[in-house]
**Q** 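Below you will find the structure I want to go over with you.
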Amino acid sequence: MSFSTIVFDSSDGVATIRLNRPDSLNSFTAEMHAELRAAMDIVEADASVRCLVITGTGRGFCAGQDLSERDPGSARKMDLGASLDANYNPLIRRLKSLPLPVVAVVNGVAAGAGASLALACDLVLAARSARFIQAFCKIGLIPDAGGTWALPRLVGHARAMGLALLGDTVMAEQAQDYGLIWRCVDDDKLAGEAAMLCRHLAVQPTVGLGLIKKAINASLANDLDTQLDLERDLQREAGFTSDFDEGVAAFQQKRAAEFKGR
Ligand code: T3D
């Protein structure tokens, strides 16, 4: 399938969605949302995909909603809740529930819903020059696309408030120190590090990784008893996978495991 606002590629177990509107820092348009839905359909239907990467073309990762699609002069106000319902919220829900690791490779500025998109991914690897900006407050909006959910969970109440109310730029290194992202690397190392990370993830026990993701994401809303029960249920599922058998056999035979993702 060919797209015009994104580039989609899948090989060796790694699917890559590259946002591809560099002139506007890969900001979201309605067309891009439609193409993202189609790309997610492909990923969800293809059992050979064991890791999903989201990145951007050019000097930006994603600058959030394309503001040229909004008309401040219009007499009839647009319902932004409807925009979230139709476009942003389904995307974030799909990324969160995808039963395999999703990696944001943040090549440049991530602002507004672009920052939320990165933070919805399971691992965020950023170029040292990348910036994260909760730009919403500067135009009278609130962090959306899961931003108000992710921020306090990642960085705590005080920093979440500071970032969301002030909209200051957070450089990748500071984002790493805050715990907002997994890691930042020198710009010229980003592609290599991302490829290495995703190649690694794509040969791991995918079902197990998907269950880890489910457990960690559920944990902050659960009390200990509920989480212990959830761990029991998910571990039961993990224990029935052939990758678990392979992992234990490889350990016992002192050889590298060959996981099939099942
Ligand atoms: O509406 C709904 O559906 C509700 C959902 C809302 C979700 C949201 O994401 S709201 C937040 C929207 N995003 C922003 O407010 C960020 C706007 N952009 C910026 O603040 C800055 O561009 C950046 C801080 C991201 C980067 O600054 P800088 O100086 O590196 O680049 P620049 O020169 O501002 O931008 C480069 C070009 O990209 C420029 O175009 P030009 O002048 O070269 O033709 C700029 O207009 C364009 N661009 C950047 N962000 C957007 C954009 N065009 C449209 N929409 C954008 N969001």
Side-chain angles (χ1 to χ4, degrees), residues 1-64 66 87-88 90-110 113-127 129-130 145 181-207 209-210 213 259-262:
M1 185 180 277
S2 78
F3 297 107
S4 60
T5 65
I6 63 173
V7 177
F8 180 80
D9 165 75
S10 184
S11 63
D12 298 328
V14 179
T16 303
I17 294 174
R18 184 155 52 78
L19 308 179
N20 195 32
R21 302 183 63 247
D23 290 349
S24 59
L25 303 179
N26 304 316
S27 52
F28 287 105
T29 57
E31 185 186 12
M32 185 191 274
H33 276 294
E35 294 193 344
L36 285 168
R37 279 192 288 278
M40 289 300 293
D41 287 346
I42 298 172
V43 170
E44 286 170 352
D46 184 351
S48 73
V49 175
R50 294 169 68 183
C51 174
L52 171 64
V53 177
I54 301 181
T55 191
T57 302
R59 72 177 183 88
F61 172 73
C62 175
D66 186 321
N87 292 322
Y88 290 94
L91 173 63
I92 300 303
R93 288 192 173 104
R94 287 178 89 171
L95 293 173
K96 282 287 177 197
S97 62
L98 197 67
L100 45 91
V102 181
V103 181
V105 177
V106 180
N107 52 299
V109 65
S116 300
L117 172 67
L119 301 184
C121 297
D122 304 313
L123 292 171
V124 184
L125 183 69
S129 67
I181 64 169
W182 168 238
R183 214 153 81 75
C184 79
V185 297
D186 291 339
D187 289 22
D188 60 349
K189 301 260 172 16
L190 183 68
E193 292 277 339
M196 210 159 62
L197 175 64
C198 296
R199 266 199 308 270
H200 167 82
L201 289 168
V203 295
Q204 295 308 299
T206 310
V207 176
L209 298 193
K213 169 173 172 171
F259 297 115
K260 299 281 188 281
R262 292 191 290 267

**Q** Are the side chain of Lys213 and the backbone of Leu98 linked by a donor-acceptor contact shorter than 3.5 Å?
**A**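 Flag set: sc Lys213 to bb Leu98 pair under 3.5 Å.
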
**Q** I'd like to know if Asp41 pairs up with Arg94 as an ion pair, taking the criterion as any Lys NZ or Arg NE/NH1/NH2 lying under 4.0 Å from an Asp or Glu carboxylate oxygen.
**A** yes

**Q** Please check if the number of heavy atoms outside Arg93 that lie under 6.0 Å from its CZ is greater than 12.
**A**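 Open.
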
**Q** Please name the pair of heavy atoms, one in Val105 and one in Ala194, separated by the smallest distance, quoted to 0.1 Å.
**A** CG2-CB, 3.7 Å

**Q** Using side-chain contact (heavy atoms from CB on, under 4.5 Å), reason through Met32 and Asp66 one step at a time and then give a plain yes or no.
**A** CA-CA 10 Å; Met32 185 191 274; Asp66 186 321; over 6 Å; no

**Q** Is it true that the side chains of Asn26 and Arg18 contain a donor and an acceptor less than 3.5 Å apart?
**A** no

**Q** Taking the inter-plane angle between the rings of His33 and Phe28 on a 0 to 90° scale, is it parallel (under 30°), tilted (30 to 60°) or perpendicular (over 60°)?
**A**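 Because their plane-to-plane angle is under 30°, the rings of His33 and Phe28 count as parallel.
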
**Q** Kindly say whether Ser4 contributes a backbone atom to a donor-acceptor pair with the side chain of Asn20 at under 3.5 angstrom?
**A** no

**Q** Please name the pair of heavy atoms, one in Ala110 and one in Ala115, separated by the smallest distance, quoted to 0.1 Å.
**A**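 Closest pair (atom of Ala110, atom of Ala115, distance): O-CB, 3.5 Å.
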
**Q** How close do Phe3 and Ile42 get, heavy atom to heavy atom, and via which atoms?
**A**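 So the minimum-distance heavy-atom pair works out to CZ-CD1, 4.3 Å.
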
**Q** Nearest 0.5 Å please: distance from the CG atom of Asp187 over to the CZ atom of Arg59.
**A**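 Interatomic distance, Asp187 CG to Arg59 CZ, rounded to 0.5 Å: 13.0 Å.
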
**Q** Side-chain contact, heavy-atom cut-off 4.5 Å: Ile181 with Val106?
**A**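 With C-beta onward as the side chain, the pair stays apart.
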
**Q** For Thr5 and Glu31, does a side-chain donor sit closer than 3.5 Å to a side-chain acceptor?
**A** no

**Q** Ignoring hydrogens and angles, tell me if any N or O in the side chain of Thr206 forms a donor-acceptor pair with the backbone of Gln204 under 3.5 Å.
**A**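 Yes; judged by distance alone, with no hydrogens or angles, the pair exists.
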
**Q** Is there side-chain contact between Ser27 and Arg21, with heavy atoms separated by less than 4.5 Å?
**A** yes

**Q** Using every non-hydrogen atom in the two residues, find where Ala127 and Asn107 come nearest and quote the distance to one decimal.
**A** CB-O, 4.1 Å

**Q** In Å, rounded to the nearest 0.5 Å, how long is the span from CG of Leu209 to SG of Cys51?
**A** 9.5 Å

**Q** Please test Ile54 against Leu95 for side-chain contact (heavy atoms from CB on, under 4.5 Å), starting from the C-alpha separation and ending with a verdict.
**A** CA-CA 10 Å; Ile54 301 181; Leu95 293 173; 3.8 Å; yes

**Q** Which is it for Ile17 and Glu35 under the side-chain contact (heavy atoms from CB on, under 4.5 Å) test, yes or no, and what are the steps along the way?
**A** CA-CA 10 Å; Ile17 294 174; Glu35 294 193 344; over 6 Å; no

**Q** Of all the heavy-atom pairs spanning Leu19 and Cys62, show the shortest one and how long it is.
**A** CD1-CB, 3.7 Å

**Q** Quick one, Leu201 and Arg50 - any side-chain contact, counting heavy atoms below 4.5 Å?
**A**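 Of all side-chain heavy-atom pairs linking Arg50 with Leu201, none is under 4.5 Å.
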
**Q** State, to 0.1 Å, how close Pro22 and Gly58 come at their nearest heavy-atom pair, and which atoms those are.
**A** CB-CA, 4.5 Å

**Q** If we only count heavy atoms from C-beta on, is the Leu117 to Leu91 side-chain gap below 4.5 Å?
**A**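 Of all side-chain heavy-atom pairs linking Leu91 with Leu117, at least one is under 4.5 Å.
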
**Q** Checking side-chain contact (heavy atoms from CB on, under 4.5 Å) against Cys198, which of Val53, Thr16, Asp12 comes through?
**A** Val53

**Q** After noting the C-alpha distance and the side-chain angles of Trp182 and Val103, does the key distance pass the side-chain contact (heavy atoms from CB on, under 4.5 Å) rule?
**A** CA-CA 10 Å; Trp182 168 238; Val103 181; over 6 Å; no

